[in-house]
Each structure stands twice: as C-alpha cells, then as structure tokens.
Amino acid sequence: MSRVVIVTGGSRGIGAATAVLAAERGYGVCVNYRKNKEAAEKVVRTIEALGRRAIAVQADVAEEGEVAELFRAAESFGTIVGLVNNAGILEKQMRVESVDAARLERILRTNVIGSFLCAREAVRRMSTKRGGQGGAIVNVSSAASRWGSPGEYVDYAAAKGAIDTFTVGLAQEVADEGIRVNAVRPGIIDTEIHAAGGEPRRVERLKSKIPMQRGGRPEEVARAILFLLSDEASFTTGAFIDVSGGK
Ligand code: NAP
C-alpha cells in the first residue's frame with residue numbers, strides 16, 4: 001500500500017505547493033478541495049507527470065459527513081500516514097465592530113472545526129492504540145495568531161490562535177500513540193487568499209514591514225510542512241515553525 005498524505009485545500013496556494021512537494025518526496029497525495037475542481041485536477045496532473053500518484057477529492061472540511069467521505073476516499077488510495085490541515089479562509093477586511101455572527105460562524109467552521117474534524121479522523125486511523133501505524137499531522141496556522149490582525153480580520157487571527165492551542169493539546173494527547181502534531185505559521189505569502197480579503201495586492205503593500213522585505217512563496221511554506229511530516233522531525237511534536245521572513 002502506498003503511503004498517503006491528505007492535503008486539505010490542496011487545489012491552490014500553499015496546499016497545492018505542499019501536495020506537489022509531498023509527491024516529489026514519495027507520498028501518494030489526496031488533494032482535497034471545496035469548489036475548484038479544475039484547480040485540484042491540475043495539481044493531480046502535475047503530480048502524475050512526476051510519475052507519482054494523486055487523487056482529487058471534493059469535500060468541505062466544515063461538514064462532518066464530507067470529512068468522513070474524504071477519509072474513506074483517501075483510505076482506499078493507500079495507508080494514511082500524514083494529514084496537512086491546510087484548508088482555510090478569511091473574509092473581507094473589516095473591524096470587529098462590523099462583524100456579524102454569520103461571518104464568525106463561517107470563519108470558525110472552516111478554520112477551526114474543519115481542522116478538528118480532519119484531525120479526529122486521522123487520529124482514529126493512525127493511533128497505535130487503535131491498531132494504526134502512527135503518522136504526522138501538520139496544522140497550517142498563521143503568524144496572524146501572534147499579530148492579531150487589527151483592522152483586517154481579528155476573527156481569522158483568533159481562529160488561528162485556536163489552531164495553535166489545538167496543536168499543543170492534541171500533540172500531547174497522542175504523543176505516545178505514534179502521532180506527531182505540529183504547526184507552521186506562515187507570514188504574508190503570495191496566494192489568492194488576499195483577494196478574498198478584498199486586497200489582491202496586500203503582499204506588495206506590506207512587504208516593506210517584513211524584515212526580509214518580501215512576501216513568501218507557497219513553496220517556502222511547503223518545505224517546512226514536509227519537514228514536519230517527515231521522519232527528520234521524529235522527536236518534534238507540539239512545535240511551531242514560523243515561515244514569515246522574520247516578522
Ligand atoms: P488560498 O490560495 O485561498 O487557497 C485556499 C485553499 O483552501 C483552496 O484550495 C480552497 O479550495 C481550500 N478551501 C477553502 N475552504 C475550504 C473548505 N471549507 N473545505 C475544503 N477546502 C477549502 O489560500 P492559501 O493562502 O494557500 O492558504 C492556505 C492556508 O494557509 C490557510 O489555512 C491560510 O489561513 C494559511 N495562511 C495563508 C497565508 C497567506 O498569506 N497566504 C498566511 C498565513 C496562513 P477551493 O479553491 O476548491 O475552494
């Protein structure tokens with residue numbers, strides 16, 4: 001059976017770069033996406049062109065039933081040894097005084113509940129206490145959990161703060177069950193997520209505030225994720241790698 005990594009939100013941005021790098025490192029890859037089938041299939045074709053295996057699986061990570069289906073599809077593809085909890089959203093830049101409950105629910109459902117549900121399914125399959133072979137989970141948090149993102153999206157930053165706490169807690173909960181749980185905290189990375197916040201050129205505006213004077217590339221985050229997934233990080237759990245150019 002091939003060793004499979006599930007990358008949630010693997011169709012674009014950091015997730016797509018992670019999916020391709022995971023394939024290059026020898027994993028079979030389950031490329032999850034929510035809406036953009038074409039982008040997910042393009043990632044699959046890129047991986048197949050490398051002579052590796054991948055499948056695209058549609059599932060909204062915020063929906064419990066769809067997460068269960070995602071894991072069933074991945075399981076039929078090979079042994080799940082890794083989960084990258086990458087799917088994440090933000091919404092239009094806004095001060096807290098303008099935010100409503102519906103927006104908070106959307107932000108928390110995908111960014112927090114989605115990560116919990118996927119991790120739960122992974123633990124059920126990987127835990128040596130449940131007959132599994134162990135594995136690694138990497139949560140994609142954000143430097144926003146340290147910055148708070150005032151005036152832009154405090155809701156999103158707070159959701160990522162929850163992911164940081166989740167990483168520490170779950171890591172300790174399953175540390176003696178063969179599962180490592182870590183997180184990366186990207187800074188400002190050049191992807192389409194900024195357009196969703198209403199500012200496609202956000203990286204350009206903010207790059208002078210980053211000590212390295214530039215935004216990051218998705219591939220630079222992917223390399224940190226692949227390190228944490230790999231046996232190179234065999235004694236590392238409950239840890240964070242900031243991929244943020246010094247900010
Ligand atoms: P992106 O370019 O907007 O891509 C987001 C990906 O997540 C897409 O593949 C999208 O799939 C998927 N997705 C969104 N909601 C989903 C859901 N409910 N279920 C399944 N898939 C879903 O974003 P990105 O910049 O690569 O961000 C990836 C992760 O890095 C996120 O967790 C984000 O918070 C984090 N991050 C990004 C930055 C940055 O500056 N870019 C900084 C820090 C942290 P579809 O296209 O099919 O809908």
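Read the numbers this way: they start at 1 and go in the same order the structure lists the ligands and their atoms. The shown structure was predicted, so the numbers you read here are calculated from the model rather than taken from an experiment.
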| field | Sole candidate of Thr167, Asn86, Asn182 that passes side chain to side chain donor-acceptor pair (under 3.5 Å) when paired with Asn139 | value | Thr167
| said: Quick check on His194 - does any of its heavy atoms sit under 4.0 Å from an atom of ligand 1? | reply: yes
| field | Closest to atom 37 (C) of ligand 1 among Ile14, Val43, Val243, Val7 (heavy-atom distance) | value | Ile14
| message | Pairing donors with acceptors under 3.5 angstrom, does anything connect the side chains of Ser145 and Asp164? | response | yes
| note | For Ile189 and Arg217 the tightest heavy-atom approach is CG2-C, 3.7 Å
| remark: Of Gly187, Gly13, Gly88, Ala17, the one whose closest heavy atom lies nearest atom 5 (C) of ligand 1 is Gly88
| request: May I ask you to check whether Ile89 has an N/O atom sitting below 3.5 Å from an N/O atom of ligand 1? | output: no
| request: Consider ligand 1: state whether an atom of it lies below 4.0 angstrom from any non-hydrogen atom of Gly215. | output: no
| query | Does ligand 1 have a heavy atom under 4.0 Å from the side chain of Ala144, from its backbone, from both, or from neither? | reply | neither
| field | Ligand-residue contact atoms, ligand 1 with Asn86, heavy atoms, under 4.0 Å | value | 28 (C), 29 (C), 30 (O), 31 (C), 32 (O)
| Arg95, CZ: over 12 other non-hydrogen atoms inside 6.0 angstrom | no
| Nearest candidate to atom 18 (N) of ligand 1, where distance is taken over non-hydrogen atoms, out of Thr18, Asp60, Thr191 | Asp60
| query | Can an N or O of Ile189 be found at a distance shorter than 3.5 Å from an N or O of ligand 1? | reply | yes
| task | Check each atom of ligand 1 against the heavy atoms of Ala59 and keep those under 4.0 Å away; list them by number with element. | result | 19 (N), 20 (C)
| query | With backbone taken as N, CA, C and O and side chain as the heavy atoms from C-beta onward, which portion of Ala196 lies under 4.0 Å from ligand 1: side chain, backbone, both, or neither? | reply | neither
| remark: Logged contact type for Ile188 with ligand 1, heavy-atom cut-off 4.0 Å, is backbone
| Does any donor atom in the side chain of Ser230 or Arg25 lie under 3.5 Å from an acceptor atom in the other side chain? | no
| Residue among Ile14, Val20, Leu21 satisfying side-chain contact (heavy atoms from CB on, under 4.5 Å) with Thr18 | Ile14
| field | Protein residue, atom and distance nearest to atom 48 (O) of ligand 1, heavy-atom basis | value | Lys35 N, 3.3 Å
| SB check Arg52 Glu48 (cutoff 4.0 Å) | no
| task | Search all heavy atoms of Phe71 against all heavy atoms of Ala122 and return the closest pair with its distance. | result | CE2-N, 3.6 Å
| task | May I have the step-by-step check of side-chain contact (heavy atoms from CB on, under 4.5 Å) for Val5 and Cys30, ending in yes or no? | result | CA-CA 6 Å; Val5 169; Cys30 177; over 6 Å; no
| said: So, 4.0 Å and heavy atoms of Ala40: is ligand 1 close enough to count as a contact? | reply: no
| remark: At under 4.0 Å between heavy atoms, what of Thr110 touches ligand 1? The answer is side chain
| Asn32 heavy atoms, cut-off 4.0 Å: which ligand 1 atoms fall inside? | 20 (C), 21 (N)
| query | So between Pro218, Ala87, Ala19, Ala195, whose heavy atom ends up nearest atom 21 (N) of ligand 1? | reply | Ala87
| note | So the atoms of ligand 1 within less than 4.0 Å of a heavy atom of Gly9 turn out to be 6 (C), 7 (O), 9 (O), 12 (C), 21 (N)
| query | Using a heavy-atom cut-off of under 4.0 Å, does the side chain or the backbone of Leu90 touch ligand 1, or both, or neither? | reply | neither
| field | atom 33 (C) of ligand 1 [closest protein heavy-atom partner, distance rounded to 0.1 Å] | value | Tyr156 OH, 3.4 Å
| query | Does Ala143 have a heavy atom less than 4.0 Å from any atom of ligand 1? | reply | no
| query | Between the candidates Ser115, Ser11, Ser141, which shows the shortest non-hydrogen contact distance to atom 44 (C) of ligand 1? | reply | Ser141
| task | For ligand 1, indicate whether the residue Lys160 contacts it via side chain, backbone, both or neither (heavy-atom separation under 4.0 Å). | result | side chain
| task | Report the C-alpha separation of Glu199 and His194 in whole Å, then their side-chain angles, then the decisive distance to 0.1 Å, and conclude whether the side-chain contact (heavy atoms from CB on, under 4.5 Å) test is met. | result | CA-CA 5 Å; Glu199 192 185 1; His194 307 292; 5.5 Å; no
